[in-house]
Protein chains: 2
Amino acid sequence: MNLKQLSDHLGLSQTTVSRALNGYPEVSESTRERVQLEADRVGYRPNARARGLATGRAQAIGHVLPVSAQHEMVNPVFGDFIAGAGETYLKSNYDLQLSLVPDGEEEAAYRRLATTGTVDGIIVHGPRMDDPRIGLLHELGLPFVVHGRASNEALPYSWLDVDNYRAFHRATQFLAELGHRKIALINGLEFMDFAHRRRQGYLSALEAAGITPRDDLMSSAEMTEVNGHHAMRDMLNRPDPPTAVLTSSLILAIGARRALDEAGLQLARDVSIITHDDDLSYLRNGQDEAIFTATRSSVRDAGRIVAEMVLERIDVPDAPPRTVMMEAELIIGRSTGPCPTP
Amino acid sequence: MNLKQLSDHLGLSQTTVSRALNGYPEVSESTRERVQLEADRVGYRPNARARGLATGRAQAIGHVLPVSAQHEMVNPVFGDFIAGAGETYLKSNYDLQLSLVPDGEEEAAYRRLATTGTVDGIIVHGPRMDDPRIGLLHELGLPFVVHGRASNEALPYSWLDVDNYRAFHRATQFLAELGHRKIALINGLEFMDFAHRRRQGYLSALEAAGITPRDDLMSSAEMTEVNGHHAMRDMLNRPDPPTAVLTSSLILAIGARRALDEAGLQLARDVSIITHDDDLSYLRNGQDEAIFTATRSSVRDAGRIVAEMVLERIDVPDAPPRTVMMEAELIIGRSTGPCPTP
DNA sequence: GTGAAAGCGCTAACAT
DNA sequence: ATGTTAGCGCTTTCAC
């Protein structure tokens with residue numbers, strides 16, 4: 001059933017029906033009601049492409065993920081984030097288009113998005129420290145918001161980020177205050193902006209605590225279970241192993257834990273690891289020196305906010321960029337077991 | 001730059017340019033070349049909405065995820081799956097639309113997808129045992145493929161699934177053969193089809209081994225870290241704790257491990273847990289009784305295949321349904337440590 | 001081999 | 001308050 005059929009059926013013009021359905025004021029209440037009722041009855045839905053062609057809007061937002069290095073997608077965080085964004089889109093009647101862009105084809109992909117007009121705005125995921133995408137998007141004139149930041153980008157742009165620097169600074173500081181001097185960092189790829197910032201936070205806290213950073217206690221690799229395992233195992237096998245560890249993701253932590261298991265070490269008393277869940281009660285039993293970053297619901301909030309931000313930018317294309325910094329939660333359960341002699 | 005401008009520029013009609021660009025045979029080689037070259041030079045891209053309106057095709061596939069119970073999205077597996085699907089779409093020039101559908105609004109959402117015409121086909125995620133969506137999609141006449149199955153659905157339909165029954169049967173059997181009699185199952189929500197099948201596999205293996213299933217060794221809940229922790233902790237606190245455990249996802253396993261850590265138990269010698277990674281070398285060191293289900297690359301393959309399946313169904317709408325069963329990998333490293341006396 | 005013209009289903013400017 | 005008409009940018013008959 002299309003608009004023509006519906007309007008013929010009602011004995012009205014397409015225009016009137018369209019106006020009635022889209023809430024234009026010049027339609028009489030009685031006809032609007034009649035139209036709405038009939039539309040509901042027959043289950044009429046305007047064709048999105050036709051409407052888009054007429055209005056020049058796609059009513060869709062593109063989420064663009066770099067995909068060869070899987071650091072982003074695999075991250076459980078992505079699921080929560082996208083769920084939050086989806087909520088916003090649902091409310092605003094936008095569709096969510098997911099673009100998986102292989103490394104190296106980025107520029108082409110963005111240009112394509114801009115010119116084919118399948119989306120009205122874009123969310124940039126997984127920004128690197130040096131990220132050419134932001135300049136490109138500026139040039140293309142497509143409204144966009146970045147989830148994260150690109151440290152070396154001078155142009156102003158809208159972003160939402162977690163304060164990675166501060167989170168890792170505080171986490172490291174906490175471990176240092178517990179007496180640890182050999183604190184390891186198992187990080188993601190450090191050309192990724194978030195990972196870089198985390199490292200900076202870690203380093204600055206070490207420095208503040210008068211601890212000299214050791215290369216053999218820092219690892220940087222794609223965030224997979226295997227890499228977490230390798231990194232942890234290698235560190236434990238070297239002369240002067242760490243007494244505490246920070247990992248940069250749940251997935252790395254899983255691998256790291258396995259290595260600890262194999263070495264006969266127990267998390268509760270020997271290391272600290274970052275986790276990610278909403279209900280923290282199970283961390284508060286005093287057994288863990290657990291460090292916590294982003295709760296699932298906060299990630300979801302982030303998704304929701306970012307989505308709202310693009311929609312705003314679409315409405316007001318030349319509004320000044322907005323930036324949102326989210327604070328990571330840092331929840332700590334003190335160890336009841338003996339703290340390993342640092 | 002649109003078609004009209006481009007053709008004016010070339011001194012040709014829109015028709016000819018369109019034909020040249022779309023590979024129609026009646027265009028002379030020389031003009032085709034000239035057109036193509038110029039199109040590339042100015043970066044011409046046809047407007048997707050206009051083309052869609054003219055052809056009646058959206059060139060997009062919808063992936064529909066139920067979203068109130070997060071079992072699907074949060075699963076790291078989803079990332080790999082969607083990456084695989086994305087690969088296929090990229091090759092075939094399709095877009096990927098993600099629909100996050102809140103529980104309860106499913107029917108409306110599917111009807112909307114079918115009538116607004118934003119997608120040409122659909123991938124159904126997270127099927128439940130009784131899933132009304134399949135009947136609905138049949139009725140709507142929209143090509144679709146299910147990732148997973150709906151056990152209680154009588155109608156034929158295309159699906160791709162992992163053999164969950166077999167995987168858990170074999171895993172349980174293996175543990176039983178090691179001498180375990182108290183094998184726990186920490187499962188997802190069992191109205192979800194995959195979880196139900198896993199439980200059936202577990203139960204059948206117990207029966208075959210002459211082990212009476214115990215309710216207190218079976219848990220079923222949303223797949224979150226907290227739930228994994230609770231389930232494991234509760235089991236360990238009860239009179240007759242398990243000597244081996246099967247968990248239904250990485251996330252549950254993380255929580256379960258934490259509970260084990262807290263109880264001073266070590267994975268390597270006390271339990272077995274399902275994991276998920278591509279590089280299994282680190283499991284083969286003889287320390288783990290690890291049970292492994294889906295490698296990341298196999299999940300990616302699954303995504304790729306499912307995407308191909310919808311595209312096929314779009315091309316040949318009344319082809320008989322195709323079904324693909326994937327075998328879960330089962331990789332086991334024998335424990336070198338003492339096997340706990342069951 | 002190329003072009004003119006109709007039309008995909010809708011919205012919006014312009015009547016009335 | 002309702003209708004007429006002209007597009008949106010493309011593909012696709014149909015004519016030449």
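So that the names make sense, note that chain A is the first sequence line, chain B the second, and so on, each numbered from 1.
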### Query
Can you check the B/Gln14 CD to D/dC8 C1' distance for me, whole Å?
12 Å
## Note on the structure
Winner on side-chain proximity to B/Thr31, out of C/dT2, D/dT2, D/dG9, is C/dT2
### Query
Is the distance from OP1 or OP2 of C/dT11 to the nearest side-chain N or O of A/Ser18 less than 4.0 Å?
yes
### Task
Round to a whole Å and report the spacing from CG of B/Asp8 to C1' of D/dC10.
15 Å
### Task
Measure from the ring center of A/Tyr89 to the ring center of A/His63 and say whether it is less than 6.0 Å.
yes
### Query
Taking the inter-plane angle between the rings of B/His147 and B/His125 on a 0 to 90° scale, is it parallel (under 30°), tilted (30 to 60°) or perpendicular (over 60°)?
perpendicular
### Query
Does B/Asn22 place a side-chain N or O at less than 4.0 Å from the phosphate oxygens OP1/OP2 of D/dT11?
yes
### Message
So, OP1 or OP2 of C/dT2: does either fall under 4.0 Å of a side-chain N or O from B/Thr15?
### Response
no
### Task
Could you tell me whether the side chain of A/Ser28 has a donor or acceptor atom within less than 3.5 Å of a complementary atom in the base of D/dT2?
no
#### Entry: Length of the line joining A/Leu12:CG and D/dG3:P, which is rounded to integer Å
5 Å
### Query
When all nucleic acid strands are considered with a 4.0 Å heavy-atom cut-off, which category describes A/Thr55: base, sugar-phosphate, or nothing?
sugar-phosphate
### Message
At 4.0 Å (heavy atoms only), tell me whether A/Arg19 reaches a base, stays on the sugar-phosphate, or touches nothing.
### Response
base
### Task
For C/dA12, take OP1 and OP2 only and decide whether either is under 4.0 Å from a side-chain N or O of A/Tyr24.
yes
### Message
Taking 4.0 Å as the cut-off, does a side-chain nitrogen or oxygen of A/Arg51 come that near to OP1 or OP2 on C/dG9?
### Response
no
### Message
Between A/Tyr24 and A/Arg32, do the side chains contain a donor N or O and an acceptor N or O under 3.5 Å apart?
### Response
no
### Query
C/dC10 P sits how many Å from A/Leu53 CG, rounded?
12 Å
### Query
For DNA chain C, whose closest nucleotide is more 5', that of A/Ala50 or that of B/Val17?
B/Val17
### Message
Please report the distance, rounded to the nearest Å, between CG in A/Leu3 and P in C/dG7.
### Response
17 Å
### Task
Figure out the CG/P separation between A/Asn2 and C/dC10, and round it to whole Å.
5 Å
### Query
Can a salt bridge be assigned to the pair A/Arg133 and A/Glu153 using a cut-off of 4.0 Å between side-chain N and carboxylate O?
no
### Query
Between the main-chain N or O of A/Gln14 and the side-chain N or O of A/Ser18, is there a donor-acceptor pair closer than 3.5 Å?
no
#### Entry: Distance, rounded to the nearest Å, where A/Leu21 contributes CG and C/dT11 contributes P
8 Å
### Selected nucleotide, minimal atom distance to B/Ser13 side chain, candidates C/dA4, C/dC10, D/dT4
C/dA4
#### Entry: Side-chain N,O (B/Tyr44) to OP1/OP2 (D/dG9) below 4.0 Å
no
### Task
Please report, rounded to the nearest Å, how far the P atom of D/dC10 is from the CD atom of B/Gln59.
15 Å
